[in-house]
Enquirer: 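Take this structure first; my questions come after.
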Amino acid sequence: MTVEILVLKETAAGERRVAATPETVKKLIALGAKVELEADAGRSAGFPDRLYLDVGATLADAGSRERADLVVCVQAPPVETIARLKSGATLIGTLHPAADPARAEALQARGLINFPLERLPRTTRAQAMDVLSSQAGMAGYKAVLIAAELTPRFFPMLTTAAGTIRPSKVLIVGAGVAGLQAIATAKRLGAQVEGFDVRPETREQIESLGGKFLDLGVSAAGEGGYARQLTDAERAEQQVRLADHLKNIDVIVCTAAVPGRPAPRIITTAMVEGMKPGSVIVDLAAETGGNCELTQPGQTIEHGGVVVAGPLNLASMGAVHASEMYARNVFNFAALFLKDGELDFDWEDELLAKTRWPDMPPPPAPAPTTAAASE
Ligand code: NAD
């Protein structure tokens with residue numbers, strides 16, 4: 001039986017992205033699937049329905065949600081939508097089940113095969129499916145553009161008839177995927193860029209983008225390439241050195257995160273009060289509480305002449321390219337189990353087994369040998 005795939009229209013406030021583009025729909029159809037699209041699903045990402053119909057998709061009807069074998073989305077659908085999906089259907093998206101108990105219950109109640117893509121193991125093989133990386137790239141880029149918009153200064157050095165303008169000093173806090181893209185973007189705009197991170201290997205990455213590594217004398221490399229939480233003593237040392245350094249910084253873009261935990265609080269109110277008036281902080285970590293103590297998620301405030309912005313869902317601001325990357329990530333993941341128009345899961349594949357939620361049950365213990373059994 002030909003597998004039916006449904007592309008959901010996102011309903012979360014401000015969400016402009018879509019989980020499949022005409023390019024990936026064409027590829028899904030080439031793998032033998034039938035693809036249905038909820039009306040206007042791609043419109044705010046720059047992909048009107050007709051582009052999908054041109055590559056062979058059809059528009060969803062009233063029964064599509066109950067019928068689809070595989071449903072793709074960007075953010076988790078509302079509980080009422082999940083409740084309508086076919087029992088046993090497969091759902092791919094950034095589902096964040098732990099963020100909402102009602103959603104977690106609904107995802108389990110339907111017996112769905114849930115693939116929250118944020119759970120994907122970050123191995124080399126998984127890179128083409130890594131939505132955290134692809135969307136963080138857009139977020140880091142947009143964060144710098146927001147900072148450039150908010151600052152009352154130029155980013156680049158200018159030599160003008162009215163004298164020389166010094167370049168802005170931009171500090172990027174956290175040099176993961178978003179932070180590195182932020183460094184590259186600020187550099188392209190001509191700023192003097194510094195980056196800092198607690199993982200020592202980021203020094204080389206920051207420098208390769210033309211940034212300067214800000215060494216605060218604290219290293220916190222953790223498991224799997226991520227940062228670990230700092231000890232109190234390490235944090236205190238980091239804080240003292242940073243406070244002093246920030247007095248000369250014009251723009252800070254915060255991107256520091258520790259997986260599964262609230263964002264580390266790095267920039268205190270006292271530090272902000274020590275900065276020059278007219279300085280700007282854009283806190284990309286606002287979604288998980290913020291790296292700056294003053295950050296208010298979704299708002300831009302001013303404190304003692306320093307502007308602190310906490311924009312949310314920055315990837316959605318670049319919906320065209322963010323959707324193109326997200327949709328390719330989804331396609332590459334779906335291609336692991338979509339074969340000849342059918343869904344065929346290899347649970348020995350760690351990308352499938354470890355992404356699936358709830359956790360897969362451990363494999364059954366080997367049966368006792370006859371000799372042992374007879375003892
Ligand atoms: P993230 O969003 O979890 O964290 C962002 C950055 O914040 C990290 O670089 C982290 O070290 C830093 N940070 C945490 N606490 C900090 C503190 N107190 N002060 C300063 N910085 C702090 O991370 P991410 O961007 O999703 O990924 C981090 C790393 O994971 C990557 O740079 C890479 O090495 C690895 N990764 C691997 C793959 C892959 O192989 N498929 C894909 C993506 C990422």
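The structure presented is a predicted model; accordingly, all values stated were derived computationally and were not measured. Computed from heavy atoms alone, side chains included, the values below leave out hydrogens, waters and symmetry copies. One-based numbering, in listed order, for ligands and for the atoms of each.
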Enquirer: Taking heavy atoms and a distance under 4.0 Å, where does Leu180 meet ligand 1: side chain, backbone, both or neither?
Expert: neither
Enquirer: Do we see a donor-acceptor contact under 3.5 Å between the side chains of Glu118 and Thr94?
Expert: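 No - no donor-acceptor pair under 3.5 Å links their side chains.
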Enquirer: Whether Asp250 and Lys169 form a salt bridge (side-chain N of Lys/Arg under 4.0 Å from carboxylate O of Asp/Glu) is what I want to check.
Expert: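 Salt bridge flag = no for Asp250 with Lys169.
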Enquirer: Closest by any non-hydrogen atom to atom 33 (C) of ligand 1: pick that one out of Arg265, Arg199, Gln127.
Expert: Arg199
Enquirer: Output the list of atoms in ligand 1 that are nearer than 4.0 Å to some heavy atom of Val177, sorted by atom number.
Expert: 25 (O)
Enquirer: If you measure from each heavy atom of Leu132 to ligand 1, is any distance below 4.0 Å?
Expert: no
Enquirer: Quick check against the 3.5 Å criterion: does Thr255 have a side-chain atom that pairs as donor or acceptor with the backbone of Val173?
Expert: yes
Enquirer: May I ask you to check if ligand 1 and Thr123 share an N or O to N or O distance below 3.5 Å?
Expert: yes
Enquirer: Could you tell me, atom by atom, which parts of ligand 1 come under 4.0 Å of a heavy atom of Ala256?
Expert: 7 (O), 13 (N), 16 (C), 21 (N), 22 (C)
Enquirer: What part of Ala126, side chain, backbone, both or neither, has a heavy atom within less than 4.0 angstrom of ligand 1?
Expert: neither
Enquirer: Is there a donor-acceptor pair closer than 3.5 Å between any side-chain N or O of Thr81 and the backbone N or O of Pro77?
Expert: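 Pair absent, no side-chain N/O of Thr81 close to backbone of Pro77.
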Enquirer: Checking the side chain of Arg67 only, and the main-chain atoms of Leu85 only, is there a donor and an acceptor separated by less than 3.5 Å?
Expert: no
Enquirer: Show which atoms of ligand 1 fall inside a sub-4.0 Å distance from at least one heavy-atom site of Ile266.
Expert: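 In order of number, 17 (C), 18 (N), 19 (N).
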Enquirer: Would you please determine whether Gln238 falls within less than 4.0 Å of ligand 1 on a heavy-atom basis?
Expert: yes
Enquirer: Apply ring-ring contact (aromatic ring centres under 6.0 Å, His included) to the pair Tyr326 and Phe331, showing each step before the final yes or no.
Expert: CA-CA 9 Å; Tyr326 185 93; Phe331 170 78; over 10 Å; no
Enquirer: As a test of understanding, state which of Leu91, Val72, Ile92 forms a side chain to side chain contact (heavy atoms under 4.5 Å, CB included) with Phe115.
Expert: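 Exactly one candidate clears the test, Ile92.
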Enquirer: Is there any N or O on Thr124 that sits under 3.5 Å from an N or O of ligand 1?
Expert: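 For ligand 1, there is no N or O atom that lies under 3.5 Å from one belonging to Thr124.
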Enquirer: Pick one of side chain, backbone, both or neither for how Ser133 approaches ligand 1, counting any non-hydrogen atom pair under 4.0 Å.
Expert: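 Contact part for Ser133 vs ligand 1: side chain (C-beta onward).
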Enquirer: For the residue pair Val308 and Thr300, establish whether any side-chain heavy-atom pair is separated by less than 4.5 Å.
Expert: no
Enquirer: As a check for students: among Ala257, Pro264, Ala263, identify the option with a heavy atom nearest to atom 14 (C) of ligand 1.
Expert: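 That would be Ala257.
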Enquirer: Say whether, by atom type as modelled, one donor and one acceptor occur between the side chain of Glu38 and the main chain of Leu6 under 3.5 angstrom.
Expert: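 Here the side-chain-to-backbone pair does not exist.
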Enquirer: Could you tell me whether Thr202 and ligand 1 have an N or O pair separated by under 3.5 Å?
Expert: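 No, no N or O pair falls under 3.5 Å.
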